[in-house]
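Below you'll find the structure, written out as structure tokens, and then a few comments.
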Amino acid sequence: RYSASTESVLNQDLRLIEDLDSALDRLIAQLRQNRGDLRIHPNDFHSWSVSARFYPLLYMLTRVHHARDWGSGLELSAMLLGNLNGLQLHHIFPKALLYRYEYARSEVNALANFAFLTQDTNLGISDRAPLDYLPEYATRHPGALESSWIPMDPDLWRLDRYLDFLEARRELLAKAANEFLDSLVMGAVPEQSVGEPIMELPRVERASSFSDGDEEQLIREFGEWVVAQGLPAGESPYELVNDETREAIAHFDIAWPEGLQEGLSQPVALLLDEPYSTLRAANSAGFLYFTDVQSFKRYIEREILALETADDD
């Protein structure tokens, strides 16, 4: 509602509630007039990227509906502690696989392809196809997939049925959103039973290594490798700011804002598992960026170190 003409719409709403008598009724009537009704429709989830208007609603539903982690079976609302227990955005159909089948970027990053899981579960899934890993979690923790509104028809887990999967999941998301909003209006949000104290929940520990995808170690060791090549140390983390307002625009894992050869090469950054908005910000700021370490290393060896060797000759 406030994504365009923000000031005009906001002023209109403020005028409606200046008189407190029946203020809420007038505001709801205005919303109904603008939108046609007060229902959430499957098409409302027909958007993409983390900047989509309904992305925060997807996250909120995950919390308030007590969605469960597929790997542990525990409620995601309890996943607040530990470097492998924080919630991560998970592509149900992995990006690499969808791009290989030539799906468009807007389809790959569709809102209905997003789910929230613990980092541990996300790493365990890696880039496996849904038809490979979803049956495993459905058997291990019955009901966990359904708590994230995953359509349970295995035929929809095939790559050639991806678009049908998105449509089916949008239906489930809209139904869940309407049920939650109705419960707020009717005052019928159910009380949840008190679970185990969060500090007493078992923590899943995994050894830190490259294969486990320990991002911090990966970035640190990559930075050390760059310095070992006789190149300048990167800034980690690096904050990209607006030159005029000095406000932060994005955060990069590690970056060389002056280039790996100051004055001779363009700014460059490593962006691991970052949302599209961060990649877009890096591109707009003139950064060459890499989303995996091996590609970055090949670039350095081919373009930077080879160039220095040629200059020495």
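- Listed by first then second residue, pairs satisfying salt bridge (Lys or Arg N to Asp or Glu O under 4.0 Å) with a partner in residues 139-155 read E136-R140, D155-R158, D155-R161, not counting sequence neighbours.
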Notebook entry, point to check: Given L288 and Y299, is the side-chain contact (heavy atoms from CB on, under 4.5 Å) satisfied, shown in steps?
Noted result: CA-CA 11 Å; L288 174 65; Y299 162 77; 3.6 Å; yes

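- Atom CG in D120 sits 10.0 Å away from atom CD in Q88 (nearest 0.5 Å).
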Next item on the list: Report the C-alpha distance between L231 and L305 in whole Å, list the side-chain angles of each, state the deciding distance to 0.1 Å, and finish with yes or no for side-chain contact (heavy atoms from CB on, under 4.5 Å).
Entry: CA-CA 9 Å; L231 299 171; L305 299 180; 4.2 Å; yes

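- A distance of 13.5 Å separates CD1 of I17 from OG of S22, quoted to the nearest 0.5 Å.
- Between K175 and E179 a salt bridge is recorded (basic side-chain N to carboxylate O distance below 4.0 Å).
- Put simply, CG on L218 and CG on L270 are 7.0 Å apart, with the number rounded to the nearest 0.5 Å.
- D253 places a side-chain N or O within 3.5 Å of a backbone atom of L272 that can act as its donor or acceptor partner.
- Put simply, the side chain of Q261 reaches to within 4.5 Å of the side chain of I304, judged on heavy atoms.
- Between Q30 and D13, the shortest heavy-atom distance links the atoms CG-OD1, 4.4 Å.
- For F180 and W149, the ring centers sit 6.0 Å or farther from each other.
- Nearest heavy atoms, G286 versus P267: O-CD, 3.8 Å.
- Residues I92 and W157 form no side-chain contact, since every pair of their non-hydrogen atoms from C-beta on lies 4.5 Å or further apart.
- Taking CZ of R170 as the reference point, atom CZ of F54 lies at 12.5 Å (rounded to 0.5 Å).
- Heavy-atom minimum distance, L145 versus L134: CD1-O, 3.5 Å.
- Between S236 and F252, the closest side-chain pair of non-hydrogen atoms is not below 4.5 Å.
- Looking at S8 and N11, their side chains never come closer than 4.5 Å, going by heavy atoms from C-beta outward.
- Nearest heavy-atom pair, A112 versus F165, reported as atom, atom and distance to 0.1 Å: O-CE2, 3.9 Å.
- Note: E235 CD to I254 CD1 = 9.5 Å, rounded to the nearest 0.5 Å.
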Margin query: Determine whether H46 and E167 satisfy the following criterion, side-chain contact (heavy atoms from CB on, under 4.5 Å), listing intermediate values before the conclusion.
Written below: CA-CA 8 Å; H46 201 290; E167 289 300 324; 3.7 Å; yes

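- Here the side chain of R68 pairs no donor or acceptor atom with the backbone of E75 at under 3.5 angstrom.
- One finds the CD atom of E171 at 10.5 Å from the CG atom of N43 (value rounded to the nearest 0.5 Å).
- Between R63 and M60 there is no side-chain heavy-atom pair separated by less than 4.5 Å.
- Here the side chains of L156 and Y162 are not in contact, with every heavy-atom distance at 4.5 Å or above.
- Of the possible polar contacts, one joining the R169 side chain to the F114 backbone as a donor-acceptor pair under 3.5 Å is found.
- S126 places no side-chain N or O within 3.5 Å of a backbone atom of L123 that could act as its donor or acceptor partner.
- Ring-plane geometry between F296 and W256 is classed as perpendicular, the angle between the planes exceeding 60 degrees on a 0 to 90 degree scale with a lower cut at 30.
- Side chain of R298 to backbone of V293: no donor-acceptor contact under 3.5 angstrom is found.
- Residue F287 comes nearest to A255 through the heavy atom pair CE2-CB, 4.1 Å, listed as atom of the first residue, atom of the second, then distance.
- A 4.5 Å side-chain heavy-atom check between L111 and L173 finds every atom pair outside the cut-off.
- Although no hydrogens or angles enter the test, the distance criterion places no donor-acceptor pair under 3.5 Å between the side chain of D132 and the main chain of R128.
- Annotation: side chain of R26 is in contact with side chain of D19 (closest heavy-atom distance under 4.5 Å).
- T121 places no side-chain N or O within 3.5 Å of a backbone atom of L117 that could act as its donor or acceptor partner.
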Item checked: Verdict with supporting geometry, L260 and V226, side-chain contact (heavy atoms from CB on, under 4.5 Å) -> CA-CA 9 Å; L260 287 162; V226 172; 4.0 Å; yes

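- No single ILVMFWY cluster, assembled from side-chain heavy atoms under 4.5 Å apart, contains both L16 and L20.
- For the residue pair H90 / N122, a side-chain donor-acceptor distance below 3.5 Å is found, with atom types taken as modelled.
- A salt bridge links D182 with R39: at least one charged nitrogen is closer than 4.0 Å to a carboxylate oxygen.
- In terms of heavy atoms, L279 sits closest to L271 at CD2-CD1, 3.4 Å.
- Between the R302 side chain and the K297 main chain, no donor and acceptor come within less than 3.5 Å of each other.
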Output a table of donor-acceptor pairs, distance under 3.5 Å, between side-chain atoms of residues 100-108 and any protein atom two or more places apart or on a different chain; print 'none' if there are none.
unit_1: Y103; atom_1: OH; unit_2: L159; atom_2: O; d: 2.6
unit_1: R105; atom_1: NH1; unit_2: Y276; atom_2: OH; d: 3.1
unit_1: E107; atom_1: OE1; unit_2: A104; atom_2: N; d: 2.9

Next item on the list: Kindly determine whether D127 and H91 satisfy side-chain hydrogen bond (donor to acceptor under 3.5 Å, both in side chains), including the steps that lead there.
Entry: CA-CA 9 Å; D127 59 354; H91 284 70; over 6 Å; no

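- Ring pair Y137/Y133 is perpendicular by interplanar angle, where above 60° counts as perpendicular and below 30° as parallel.
- Not a single donor-acceptor pair under 3.5 Å links the side chain of N113 to the backbone N or O of A110.
- At a threshold of 4.5 Å between side-chain heavy atoms, the hydrophobic network of Ile, Leu, Val, Met, Phe, Trp and Tyr places I219 and V227 in two separate groups.
- Using a 3.5 Å distance cut-off with no hydrogens or angles, the side chains of S295 and D292 do pair a donor with an acceptor.
- Distance alone, capped at 3.5 Å, is enough to place a donor-acceptor pair between the Q229 side chain and the W225 backbone.
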